[in-house]
Amino acid sequence: MKDQVLSISQMRHLRDLGVDTSKASMCWLREPNNHTRYEVFCTNDDCYEMSCLDPVPAFTVQDLLEIIPCTLFCDKNGNNISLQPINYKYKMSFYLVKELPRYEAKYEDYITKTMLIYRTGRTVIEALYNILCWLAENKLLEKEEKK
């Protein structure tokens, strides 16, 4: 199970980048008799009520896929990347590709297949984590402005 969720340090890094981790479907809990060992559990109300066990949210692949935007919009030079299509002509679509021996998480122009940005990882979850970090660092996870 540990290979199917982000690590504690990865989750803390995402939180520090401003990513909302409250929707994580898993949770790391410290073992009561061993203060250096953590186990991962499905998130429920009990996880966070056990604050003495130092709960840390943990994203799964599915959680990451739900957070990462399906499309970004940018100008014709690939600059001024935004989640909003206003004044932007080119749509960049998100892809997850297995390029042996790694995985690529990337945004490409959906017509020309010109690559805007990509991040790789040894595993699917690592590639998704790396692209999510890039999105958060570039403030591309913010919701569309309310009209």
Side-chain angles (χ1 to χ4, degrees), residues 1-74 78-86 88 90-110 113-147:
M1 179 62 82
K2 291 179 183 179
D3 295 334
Q4 297 178 22
V5 299
L6 292 181
S7 70
I8 293 169
S9 62
Q10 288 172 319
M11 290 302 297
R12 288 182 175 152
H13 182 240
L14 289 175
R15 182 196 62 210
D16 293 345
L17 289 172
V19 175
D20 179 7
T21 60
S22 66
K23 304 263 190 230
S25 58
M26 303 296 281
C27 180
W28 289 101
L29 290 177
R30 186 170 32 86
E31 286 191 9
N33 298 327
N34 184 342
H35 295 295
T36 60
R37 186 178 164 122
Y38 283 75
E39 292 292 326
V40 67
F41 296 92
C42 288
T43 298
N44 60 34
D45 293 338
D46 296 337
C47 281
Y48 297 103
E49 288 177 7
M50 307 279 258
S51 61
C52 63
L53 300 180
D54 194 21
V56 178
F59 286 141
T60 63
V61 168
Q62 185 63 40
D63 296 335
L64 292 169
L65 288 172
E66 290 177 12
I67 293 169
I68 293 171
C70 294
T71 57
L72 297 175
F73 296 89
C74 64
N79 300 317
N80 300 319
I81 304 161
S82 170
L83 289 177
Q84 300 176 42
I86 301 168
Y88 294 92
Y90 296 90
K91 182 167 99 173
M92 298 299 205
S93 299
F94 177 73
Y95 297 91
L96 182 63
V97 180
K98 186 172 186 175
E99 295 286 341
L100 291 176
R102 305 179 71 73
Y103 290 87
E104 284 185 355
K106 60 186 177 179
Y107 284 94
E108 289 182 345
D109 181 300
Y110 76 104
K113 300 299 180 196
T114 303
M115 193 176 327
L116 170 66
I117 188 69
Y118 79 98
R119 293 293 183 264
T120 63
R122 292 176 293 104
T123 61
V124 169
I125 199 163
E126 186 178 286
L128 292 172
Y129 166 76
N130 290 334
I131 201 80
L132 182 61
C133 287
W134 180 83
L135 289 164
E137 289 163 358
N138 289 281
K139 308 222 183 305
L140 293 171
L141 292 174
E142 297 170 4
K143 301 290 182 198
E144 290 184 36
E145 290 183 26
K146 296 178 182 176
K147 294 180 180 180

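Looking at Lys106 and Ile131, their side chains never come closer than 4.5 Å, going by heavy atoms from C-beta outward. Counting only heavy atoms from C-beta outward, the side chains of Phe59 and Leu128 never approach each other to under 4.5 Å. By the 4.5 Å heavy-atom criterion applied to side chains, Leu135 and Leu72 are counted as neighbours. Here the side chains of Phe94 and Thr71 are not in contact, with every heavy-atom distance at 4.5 Å or above. The shortest distance between side-chain heavy atoms of Leu100 and Lys98 falls below 4.5 Å. Put simply, the side chain of Val40 does not reach to within 4.5 Å of the side chain of Cys27, judged on heavy atoms.
Summarising the geometry, atom CD belonging to Gln62 is positioned 11.0 Å from atom CD1 belonging to Ile125; distances are rounded to the nearest 0.5 Å. To the nearest 0.5 Å, the span separating CD on Glu39 from CG on Leu29 amounts to 9.5 Å. Met92 CE to Leu116 CG: the interatomic distance, rounded to the nearest 0.5 Å, is 4.5 Å. Between the SG atom of Cys133 and the CD atom of Gln10 there is a distance of 7.5 Å, given to the nearest 0.5 Å.
Between the side chain of Asn130 and the backbone N or O of Thr120 there is at least one donor-acceptor pair closer than 3.5 Å. A donor-acceptor contact shorter than 3.5 Å is absent between the side chain of Asp16 and the backbone of His13. Looking at Glu126, its side chain never comes within 3.5 Å of a backbone N or O of Thr123 through a donor-acceptor pair. Trp28 places no side-chain N or O within 3.5 Å of a backbone atom of Met11 that could act as its donor or acceptor partner. A donor-acceptor contact shorter than 3.5 Å links the side chain of Asp20 to the backbone of Ser22.
Taking both residues in full, the closest heavy atoms of Ile67 and Leu141 are given as O-CD2, 4.0 Å, listed atom of the first, atom of the second, then distance. In this structure, Pro57 and Ala24 approach most closely via the heavy-atom pair CB-CB, 3.6 Å. The two residues Arg12 and Tyr38 have their closest heavy-atom pair at NH2-OH, 4.4 Å. Considering all non-hydrogen atoms of both residues, Tyr107 and Ile68 come closest at OH-CG2, 3.2 Å.
Screening Val61, Thr60, Leu65 for a side chain to side chain contact (heavy atoms under 4.5 Å, CB included) involving Asp63 leaves a single residue, Thr60.
Ionic pairing of Arg102 and Glu104 is not present here: no N-O contact between side-chain nitrogen and carboxylate oxygen is shorter than 4.0 angstrom.
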Stepwise, does the side-chain contact (heavy atoms from CB on, under 4.5 Å) test hold for Glu108 with Tyr95?
-> CA-CA 8 Å; Glu108 289 182 345; Tyr95 297 91; 3.8 Å; yes

For Tyr103 and Val97, run side-chain contact (heavy atoms from CB on, under 4.5 Å): C-alpha distance rounded to whole Å, both residues' side-chain angles, the deciding distance at 0.1 Å, then the answer.
-> CA-CA 6 Å; Tyr103 290 87; Val97 180; over 6 Å; no

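Other residues, nucleotides and ligands place no more than 12 heavy atoms under 6.0 Å from the OH atom of Tyr118.
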